[in-house]
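Below: one structure, written as structure tokens.
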Amino acid sequence: MMRLGYPTQNLTIPASTNRSCRLAGLADADKVRALVRENLAGLEAILRWNAGHGVPLFRMGQALIPFASHPEFPYDWEDEHGEDLSRLGELARTLGIRLSMHPGQYIQPASPRPGVSERGLGEFRYVERIFDLIGSEDSVIVLHMGGAYEDRPTTATRFVETMRPESGVLEYLALENDERVWTVQEIVATAGALGIPAITDAFHHGLDPGGLKLEDALDLTLPTWGARPGRSERRPKLHLSSQDGEKQPGAHAYLVEEADWLALVKALGNREADVMIEAKGKERALGALGVDL
DNA sequence: CGGCGTCAAGCTATC
DNA sequence: GATAGCTTGACGCCG
């Protein structure tokens, strides 16, 4: 059985968890506080909307607390917003909604440049603190492995060595294949070395399958969500989206093509999965897939 | 006041 | 050897 969700904002309400500002805007701490409160209010509105419409997954915007890991962030955000985050986590659990976050393409923990790698770790610790405050064991930090630096084995090893000491982050972290650098097979190997799960992005996989059919890719990634010492089994996560025909390969369409949806349904069979629908149309794409909103 | 270019960060692909 | 594009909203500047 599949459960579906969508990222960052709801176009129907409307509400967003991803309102941001420019770096220069951090100087006005009151404005930043107000911005974060808007994002948290957006999260609450979306949690309630989701519960009312049978949508059990949501990905929060990475700018939930904009520039949280930047040295110029103007106040102690955990002190200021921690209680709200804990309350929203409790609400999400009460409503049965699973939350995730997805650090962007500038986060490069395997970079050979120490500053780049260290800034990436700072961003992970921000997300880890968010999820610790939210307090749900099934929260997920979704991450691409980043650049390959013209030496794939060395880079994969460096990725593992950089992340292995980050035990708090690894509690939530899952690796996802991308559309041109790291295939499903490669992220499963690296995730395995770290003892963390792997996510098949069906759309990316179609662009860089590395010789695997979608069903083979699911056979590799779904079992990585099994139980491990001290932790219960988690529902596997997947990503699904379609190509925007007007744009570059890899650009997400407004809705999901029926053929892409049916291909995933077929490859998944009767297995369980939580599927994040990455469409520009956000929750509207779920409606188009037949979810009764 | 509406529209458009720029803004923290890093990589890959393409010319 | 340079640069667009990945994602998205905010804001400054221009008319």
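Order of the sequence lines sets the chain letters (A, B, ...), proteins ahead of strands, with each chain counted from 1.
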Under 30°, 30 to 60°, or over 60°: which ring-plane class applies to A:Phe73 and A:Tyr75, parallel, tilted or perpendicular?
tilted

Quickly work out the A:Phe67 CZ to C:dC11 P distance and round it to whole Å.
11 Å

Taking atom P of C:dG9 as reference, at what distance in whole Å does atom CD of A:Glu38 sit?
13 Å

Starting at CD of A:Glu150 and ending at P of B:dA13, how long is that distance when rounded to a whole Å?
10 Å

Give A:Ser111 one of three labels, base, sugar-phosphate or nothing, depending on what nucleic acid heavy atoms sit under 4.0 Å from its own.
sugar-phosphate

C1'-based separation of B:dG3 from C:dC6 [nearest Å]
24 Å

Report which part of the nucleic acid A:Tyr149 touches: base, sugar-phosphate, or nothing (heavy-atom distance under 4.0 Å, all strands).
sugar-phosphate

Taking the P atom of each, how far is C:dT8 from B:dG2, in whole Å?
25 Å

Check the pair A:Tyr126, A:Phe124 against ring pair (Phe, Tyr, Trp, His ring centres under 6.0 Å), reporting the backbone distance first and the verdict last.
CA-CA 5 Å; A:Tyr126 146 60; A:Phe124 292 144; over 10 Å; no

A:Asp201 CG to C:dC6 C1', in whole Å, measures 14 Å

Touch class at under 4.0 angstrom, heavy-atom based, for A:Ala148 against every strand present:
sugar-phosphate

Would you mind checking if A:Arg125 and A:Glu118 are paired as a salt bridge, meaning a charged N to carboxylate O distance below 4.0 Å?
yes

Please work out whether the ring planes of A:His102 and A:His144 are parallel, tilted or perpendicular, with thresholds of 30° and 60°.
tilted

Salt-bridge test for A:Glu272 and A:Arg3: reply yes if a basic N is under 4.0 Å from a carboxylate O, no otherwise.
no

Nearest to the side chain of A:Arg113 - C:dT8, B:dC11, B:dG5?
B:dC11

Applying a 4.0 Å non-hydrogen cut-off, can you work out what A:Gln108 is touching in the nucleic acid: base, sugar-phosphate, or nothing?
sugar-phosphate

From CZ of A:Arg180 across to C1' of C:dA4 the rounded distance in Å is 11 Å

How long is the line joining CG of A:Asp244 and P of C:dC6, in whole Å?
10 Å

Mind checking who B:dA8 pairs with, Watson-Crick or G-U wobble, both distances under 3.5 Å?
none

Does a side-chain N or O from A:Lys282 land closer than 4.0 Å to OP1 or OP2 of C:dT8, or not?
yes

Whole-Å gap separating P (C:dG5) and NE2 (A:His252)
17 Å

Base, sugar-phosphate or nothing for A:Arg119? Non-hydrogen atoms, less than 4.0 Å.
sugar-phosphate

The salt bridge (Lys or Arg N to Asp or Glu O under 4.0 Å) partner of A:Asp274 among A:Arg98, A:Arg59, A:Lys237 is A:Arg98

If we call it a pair only when both distances are under 3.5 Å in a Watson-Crick or G-U wobble match, what pairs with C:dT7?
none

Using a 4.0 Å heavy-atom cut-off, does A:Gln9 contact any base of the nucleic acid, only the sugar-phosphate backbone, or nothing at all?
sugar-phosphate

Is A:Arg19 close enough to C:dA10 that one of its side-chain N or O atoms is under 4.0 Å from OP1 or OP2 there?
yes

Rounded C1' spacing from C:dG1 to B:dA8 in Å
25 Å

Tell me whether A:Tyr106 is stacked on the nucleobase of B:dA9, counting only the six-membered base ring and applying the 5.5 Å and 30° thresholds.
yes

Separation of B:dA9 C1' from A:Gln105 CD (nearest whole Å)
9 Å

Per nearest nucleotide of DNA chain C, the residue lying toward the 5' end, A:Lys31 or A:Thr8, is A:Thr8

